[in-house]
Amino acid sequence: MTKTFYITTPIYYVNGAPHLGHAYTSVAADVLARWHRLEGHDVFFLTGTDEHGQKVEAAAKLAGIPPQEFTDRVSDDFKDMARVMNISNDDFIRTTEPRHKAAAADIWLKLQENGFIYLGAYEGWYAVRDEAFYDEDETEKKPDGTRIATSSGATVEWVVEPSYFFKLSAFQDKLLELYEANPGFIGPQAKRNEITSFVKSGLRDLSISRTSFSWGIPVPGDEKHVMYVWLDALVNYLSACGYPDLSGPRGKYWPANVHLVGKEIIRFHAVIWPAILMAANLPLPARVFSHGWWTVEGEKMSKSVGNVTDVRELVAEFGLDQVRYFLLREVPFGNDGDFSRRALIGRINSDLANGLGNLAQRTLSFINKNAGAVVPPKGRLQEADLVLLEQCSQLPEKVRGAIGRLAFHEALDEIWRLIRAADGYIDREAPWSLRKTDTARMNSVLYVLCATLRSIGVVLQPFMPEQVGRLLDYLGVGDDRSLTILDSALAEGILLPAPAGLFPRIVEEQKNADR
RNA sequence: GGCGGCGUAGCUCAGUGGUAGAGCAGGAGAAUCAUAAUCUCUUGGUCGGAGGUUCAAAUCCUUCCGCCGCUACCA
């Protein structure tokens, strides 16, 4: 039976437009999904949008349209971003879809049946004007004794509203056991420590319904309440598998292998979500991995600064694969990073244009001009050839290891090590000299270079599907481009098309800095 | 305040007890197949400060300085 691999991005909240951060999560998940497909696994890759809650209700009101129309619009924008980024998701779930509402209602009933839901009261500082609750430290007392919300200035009052609660406190020990028994459950390590100490500090029950607004999934049996958005949202990972009927075609994918999330929502995925699943007697995902945030030119992305970056503009200017490469190469996955034009251009020029692109071009165009435009005959290999080919044969395992740890930057670093080795090889062997003295040897060298480029291309496909696809075309690689083709030697004599540059060098116009 | 992390070459970082490393940037040379890309050599660091343990410390301990994260329900 084929191994299944289920990977998710968070469902993106539709109260704002998609930006660089969303694209980052999706690209990382896409690389994982594509890698596992190369491995021959049965992959299910899910993304989508989270569309309920007070903020969405408010945003729709501001836009002057009904919430459903609003969410349709923003959800389409996220779909468009996925298309532009060449994200290979197998499904796109929306929490306003009937299949999801049914799943969420069923989970609620399961939690209730199992005795983990009770009716209590949610208390807090409520601003009628904002229709929102505030924490005490988000409010301040005015001289006349009334209390206002610091951010909006609206008067707040202490409100007690009935609310259903989830007995999260019952799962404290079980969660700690989970983290203990599965060190890889939360990644990276630093987040695991944070979450562990958070859980150790004591868990309170979680308010999971609201009566103060209505844009949500109704609580089964008590329709004055709508479900708390996070309970609603987390269930999406099950909804897409066909839950509550896990005997259907998608049921085999649950539990998920990886939930990729931004660091701001790790807690919901590493604490609340497993607790809910435990309470519903469902199997737990294998791993929750959180990545960092991007600043842009050293500054935090924010609407007020006006630097919220729509990745689609970057793609239009620099190319899709270039942006995908940068996102995963520049920063160790899990860390924060900075996105700057200068760093992006530096990566494109030194790694892609001068590195991979130039290696491919100098090899392929030489073959095109001097070796009959076919994969040259291998001939008798020498020590230097075998050394390089040995590095090729080790590459998939090295990349597999790095990707298994979600260390995308290390995977790319391994690949570039081989690119540099191949550049050294071509210089030392100098096929341009051999052309005049020993064409058999020249052919051997070119053959080894083709084989090297094939290895590099195959493992690089998940990162840069488009340009690397072209590279494999230029190398005459057929339809099967999975990792298994690297187990067989490259066939000689295949006709090769005329190559063209893969990654154009970026030349920035000199902005006359000197006055 | 409590818990945790970080501070290593101009930049981004690797390196957890045994002669300071990589990539990029800088310098010199070589080569000319190639997107003037490539290759070789090379400049550059009192490993945040101070003290301690040890035959030996970037690596362990103490303390100080600086930066950052977490410290729950509104993503």
Side-chain angles (χ1 to χ4, degrees), chain A residues 10-13 15-16 50 53-55 58 122 124-127 130-135 138 149 151 163 165-166 168 188-208 210 212-213 228-231 233-234 261-269 271-272 292 329-332 335-338 342-343 346-347 349-371 409-410 413 416-417 419-420 422-435 442 445-446 449 499-507:
Chain A
I11 45 175
Y12 301 118
Y13 201 53
N15 71 332
D50 180 8
Q54 190 163 20
K55 283 200 171 182
Y122 181 66
W125 293 106
Y126 185 77
D130 301 341
E131 297 181 12
F133 279 92
Y134 291 95
D135 271 355
E138 290 175 320
S151 55
S163 170
F165 281 80
F166 170 59
L168 184 60
Q189 177 82 36
K191 291 297 160 194
R192 177 170 179 254
N193 296 342
E194 275 180 22
I195 294 290
T196 304
S197 81
F198 169 74
V199 173
K200 274 184 182 158
S201 76
L203 294 176
R204 300 204 293 264
D205 289 345
L206 186 71
S207 165
I208 51 166
R210 295 287 187 276
S212 53
F213 62 95
Y228 172 49
V229 279
W230 265 111
L231 175 61
L234 288 164
V261 299
K263 65 179 183 179
E264 73 283 7
I265 57 173
I266 180 74
R267 183 194 301 155
F268 297 96
H269 287 80
V271 179
I272 297 176
R329 173 62 247 249
E330 183 69 1
V331 174
N335 291 11
D336 291 345
D338 182 56
R342 191 178 162 182
R347 285 287 175 199
N349 286 345
S350 65
D351 296 0
L352 297 180
N354 300 352
L356 176 58
N358 183 55
L359 176 65
Q361 187 66 12
R362 69 196 301 203
T363 301
L364 292 167
S365 95
F366 193 91
I367 289 172
N368 199 257
K369 289 175 194 161
N370 304 303
H409 68 296
E410 281 180 38
D413 195 52
W416 256 259
R417 227 181 273 280
I419 290 172
R420 282 192 292 273
D423 264 328
Y425 170 83
I426 193 171
D427 266 57
R428 283 189 300 276
E429 301 303 324
W432 45 90
S433 300
L434 294 168
R435 180 167 67 95
M442 175 192 82
V445 169
L446 295 173
L449 286 165
L502 294 173
F503 300 102
R505 159 168 275 276
I506 309 279
V507 183

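Naming convention: chains lettered A, B, ... in sequence-line order (proteins, then strands); numbering from 1 in each chain.
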Nearest to the side chain of [X] - [options]?
X: A:F268; options: B:C74, B:C70, B:A72; result: B:C74
X: A:S207; options: B:C70, B:A37, B:C73; result: B:C73
X: A:L502; options: B:C73, B:U35, B:C70; result: B:U35

Under 4.0 Å between a side-chain N or O of A:R505 and OP1 or OP2 of B:A37?
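For B:A37, OP1/OP2 do have a side-chain N/O of A:R505 under 4.0 Å.
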Return the value, rounded to whole Å, for the distance between atom [atom1] of [X] and atom [atom2] of [N].
X: A:I266; N: B:A72; atom1: CD1; atom2: P; value: 17 Å
X: A:D336; N: B:C67; atom1: CG; atom2: P; value: 17 Å
X: A:R428; N: B:U38; atom1: CZ; atom2: P; value: 15 Å
X: A:L359; N: B:U38; atom1: CG; atom2: P; value: 11 Å
X: A:K200; N: B:G4; atom1: NZ; atom2: P; value: 10 Å

Nearest-nucleotide wise, let me know which of A:F503 and A:F165 is further upstream toward the 5' end of RNA chain B.
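Final value for this comparison: A:F503.
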For A:F198 and for A:S350, find the nucleotide of RNA chain B with the closest heavy atom, then tell me which residue's nucleotide is more 5'.
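The residue whose closest nucleotide sits nearer the 5' end is A:S350.
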Collect all protein-nucleotide pairs involving nucleotides 5-8 of chain B in which both atoms are nitrogen or oxygen and the distance is under 3.5 Å.
none

N/O-N/O pairs, protein side and nucleotides 29-34 of chain B side, under 3.5 Å:
{"from": "B:C33", "atom 1": "O2'", "to": "A:R362", "atom 2": "O", "distance (Å)": "3.4"}
{"from": "B:C33", "atom 1": "O2", "to": "A:R362", "atom 2": "NE", "distance (Å)": "3.2"}
{"from": "B:C33", "atom 1": "N3", "to": "A:R362", "atom 2": "NE", "distance (Å)": "3.4"}
{"from": "B:C33", "atom 1": "N3", "to": "A:R362", "atom 2": "NH2", "distance (Å)": "2.6"}
{"from": "B:C33", "atom 1": "N4", "to": "A:R362", "atom 2": "NH2", "distance (Å)": "3.1"}
{"from": "B:A34", "atom 1": "OP1", "to": "A:K369", "atom 2": "NZ", "distance (Å)": "2.6"}
{"from": "B:A34", "atom 1": "O2'", "to": "A:N358", "atom 2": "OD1", "distance (Å)": "2.9"}
{"from": "B:A34", "atom 1": "N3", "to": "A:N358", "atom 2": "OD1", "distance (Å)": "3.4"}
{"from": "B:A34", "atom 1": "N3", "to": "A:N358", "atom 2": "ND2", "distance (Å)": "3.4"}
{"from": "B:A34", "atom 1": "N3", "to": "A:R362", "atom 2": "NE", "distance (Å)": "3.4"}

